[in-house]
Amino acid sequence: MMRRFHTQPRLAALGLLTAGSLLLAAGGALAQAPFSALDAAANAQVRFAATERGKPILAGSEVAVSGQGFRPGQKVTLLYGTAPLPNGVLEADKDGKIEGRITVPADATVGSHPIVVVAQGPYTAALAPLKVSPSIPLSGQASYATQEAKVARGLYQSAYSAKNNALFVTSAIGRPPVRQSELLKLNPETLEVVARVTPQPAPARQGGQADAGVYAVYGVGVDDGNDTVWVSNSRQNTVAVYRQSDLSLVKQFAPGTVYHARDVQIDPALNKAFASATFKPEVVVFDTGKLEVAARIEIASRARGGTFSAASLSLDARAQRLYVVSNTTNEVAVINTRTNAVEKVLPVPGARGAIGVSHDPETDRIFVAAQGSDNVVVLDGASGKVLADTPVGAGALNVAFDPARRHAYVASRMAGTVTVVDVDGKIVANLGPAPLANHVSVGPRGTVYSVDKSAGVLEAESDTILRIQPR
């Protein structure tokens with residue numbers, strides 16, 4: 001019978017390894033003698049995935065095991081603590097690869113479980129994480145009116161203009177050179193396409209292909225003070241500005257301006273635009289009137305040995321605060337947008353792979369979505385205290401707080417849901433299916449827009465934009 005998966009510290013699992021090896025040797029499963037030959041050149045890797053492509057690993061589900069970097073014919077054993085997993089004894093093929101299947105117990109605890117990988121002849125051992133995701137049933141759907149439209153393939157983000165009552169959506173397909181990308185303007189009530197434009201051709205990289213595709217658009221933010229739309233060109237490490245009226249290009253910033261630019265937020269009162277530099281501890285500030293770089297804000301991580309990686313942004317224009325989440329150190333930085341000073345950096349306990357952030361101006365609560373731990377963590381913005389830690393579904397990718405209804409909406413890509421939580425982190429609805437929910441943004445009067453990259457899953461020509469309206 002398989003041992004129940006309980007969350008254990010990584011060091012504890014390692015500490016059990018020697019005893020487990022001796023125990024197994026006595027039973028004949030492992031013949032490696034203690035302190036014998038080691039594999040000093042070992043570089044093996046083991047991965048776990050649901051047998052159904054694109055789905056999360058859930059309690060009771062079958063798991064595909066794959067690995068590489070072993071020696072041909074090497075015996076590989078998977079252990080949970082000291083116990084070998086059923087079907088967990090594998091043999092590397094002539095290319096040093098292993099394949100197999102195991103089953104997660106039906107009562108497995110949600111979380112990232114350290115699996116001990118032991119190879120012998122010669123001996124080596126390592127840990128490989130196996131994440132069991134929560135399964136949150138759909139609920140509360142009768143309380144929401146949902147409208148959807150298929151407008152383009154490769155949808156990424158959306159942003160609403162209150163001044164011009166328009167919804168702007170970005171799309172991009174594939175890896176560089178990206179040749180198919182669009183910025184779209186939609187009617188926010190009907191979701192009909194009002195205008196669309198393909199970005200201009202991108203310059204060839206040094207030593208690269210002559211055809212570098214286009215300045216593909218990903219993140220999007222609206223500047224109602226100047227009637228413009230700002231977009232991130234992640235592949236060219238920069239940003240661009242378009243007119244809201246007809247989507248004509250106002251300015252294309254040079255490649256290298258913002259490293260792997262992700263989110264863009266605009267404060268019209270301060271004439272500032274903020275762009276996050278993913279994989280860098282930096283937020284780049286632009287002057288929206290002069291259309292030039294005004295400052296670069298460096299964020300120092302408080303995690304020992306960690307480097308802050310700026311991902312999603314959330315702006316509280318009235319309080320003049322920008323919230324920046326780090327997907328490498330699981331932290332949130334609070335920046336004074338008037339002075340560009342980092343006021344504090346808060347850890348997010350319970351989050352792994354934090355990537356989405358939003359803020360409630362009334363209660364000063366910060367909502368952090370974490371795709372590695374499948375949850376949304378609610379922090380007190382003043383003290384950093386964890387007020388709630390709510391499992392919402394596999395791959396929680398983005399969160400948006402709606403101040404009108406006082407609910408936060410969390411897009412979980414692998415779960416295919418948009419989960420609605422209150423200010424205390426309690427789930428009030430779980431909406432779906434949205435097969436590959438990628439992003440959520442807030443519109444007028446409690447309306448929320450969700451981008452669902454479901455074309456490939458549904459064999460459709462275009463991805464879906466969802467309009468979610470509380471009844």
Side-chain angles (χ1 to χ4, degrees), residues 219 221 223 230 232 234 237-239 253 256-288 290 292-370 376-387 398-401 408:
D223 178 5
W230 287 65
S232 61
S234 304
N237 303 313
T238 191
V239 297
F253 285 83
T257 304
V258 186
Y259 186 82
H260 204 82
R262 189 182 192 278
D263 274 16
V264 186
Q265 289 283 335
I266 293 89
D267 188 332
L270 295 176
N271 290 318
K272 289 182 177 182
F274 303 89
S276 55
T278 313
F279 312 124
K280 294 280 189 178
E282 183 180 69
V283 171
V284 181
V285 186
F286 295 85
D287 184 313
T288 58
K290 297 179 180 178
E292 63 184 24
V293 174
R296 294 180 182 273
I297 304 172
E298 185 173 348
I299 306 171
S301 172
R302 301 293 175 85
R304 185 172 182 177
T307 300
F308 198 98
S309 172
S312 292
L313 305 177
S314 179
L315 176 68
D316 183 347
R318 181 175 297 181
Q320 297 185 333
R321 296 296 181 272
L322 181 73
Y323 299 85
V324 189
V325 67
S326 169
N327 62 346
T328 55
T329 58
N330 302 309
E331 297 173 296
V332 173
V334 183
I335 296 174
N336 184 311
T337 55
R338 182 178 56 82
T339 64
N340 295 335
V342 178
E343 293 187 337
K344 64 180 74 173
V345 177
L346 302 173
V348 189
R352 294 167 62 96
I355 190 167
V357 66
S358 195
H359 177 257
D360 174 16
E362 184 174 320
T363 63
D364 192 25
R365 295 185 176 187
I366 304 170
F367 298 79
V368 178
V376 60
V377 178
V378 185
L379 299 177
D380 180 283
S383 66
K385 179 183 177 182
V386 175
L387 303 176
N398 191 257
V399 57
F401 185 82

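Side chains are part of it too, since the values below use all heavy atoms of this structure and drop only hydrogens, waters and symmetry mates. Small disclaimer: the values here were computed from a predicted structure and weren't measured.
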Minimum heavy-atom distance between Glu331 and Thr329, given as atom pair plus value: OE1-OG1, 2.6 Å
Student check: side-chain heavy atoms of Val264 and Phe286 closer than 4.5 Å: no
Please find the pair of heavy atoms, one from Ser301 and one from Phe308, that lie closest to each other, and give the distance. CB-N, 3.7 Å
In terms of heavy-atom contacts, Ala382 and Asp380 come closest through N-OD1, 2.9 Å
Do any N or O atoms from the side chain of Asp316 and from the backbone of Arg321 form a donor-acceptor pair under 3.5 angstrom? no
Looking at Ile355 and Ala311, what are the two nearest heavy atoms and their distance? O-CB, 3.9 Å
Taking the side chain as everything from C-beta on, heavy atoms only, tell me whether Leu315 gets closer than 4.5 Å to Leu313. no
With no hydrogens and no angle check, do the side chains of Arg262 and Ser312 hold a donor and an acceptor under 3.5 Å apart? yes
Can you name the nearest heavy-atom pair linking Asp364 to His359, along with the distance? OD1-NE2, 2.9 Å
Under 3.5 Å donor-acceptor, Thr238 side chain and Val258 backbone: no
Is there side-chain contact between Phe367 and Val357, with heavy atoms separated by less than 4.5 Å? no
Strictly distance-based, threshold 3.5 Å: is any side-chain N or O of Thr257 a donor or acceptor partner for the main-chain N or O of Val239? no
Heavy-atom neighbours of Lys385 NZ exceed 12 at 6.0 Å: no
Donor-acceptor pair, distance only, cut-off 3.5 Å: does the side chain of Lys344 make one with the backbone of Gly381? yes
Kindly assign one of parallel, tilted or perpendicular to the pair His260 and Phe279, based on the angle between their ring planes and the thresholds 30° and 60°. tilted
Where at least one partner belongs to residues 264-283, residue pairs that pass side chain to side chain donor-acceptor pair (under 3.5 Å), sequence neighbours excluded: Lys272-Asn340, Glu282-Arg296
Work out which heavy atom in Val368 is nearest to a heavy atom in Ala354; give both atom names and the distance. CG1-CB, 3.7 Å
For residues Val325 and Ile366, determine if any side-chain heavy atom of one lies less than 4.5 Å from a side-chain heavy atom of the other. no
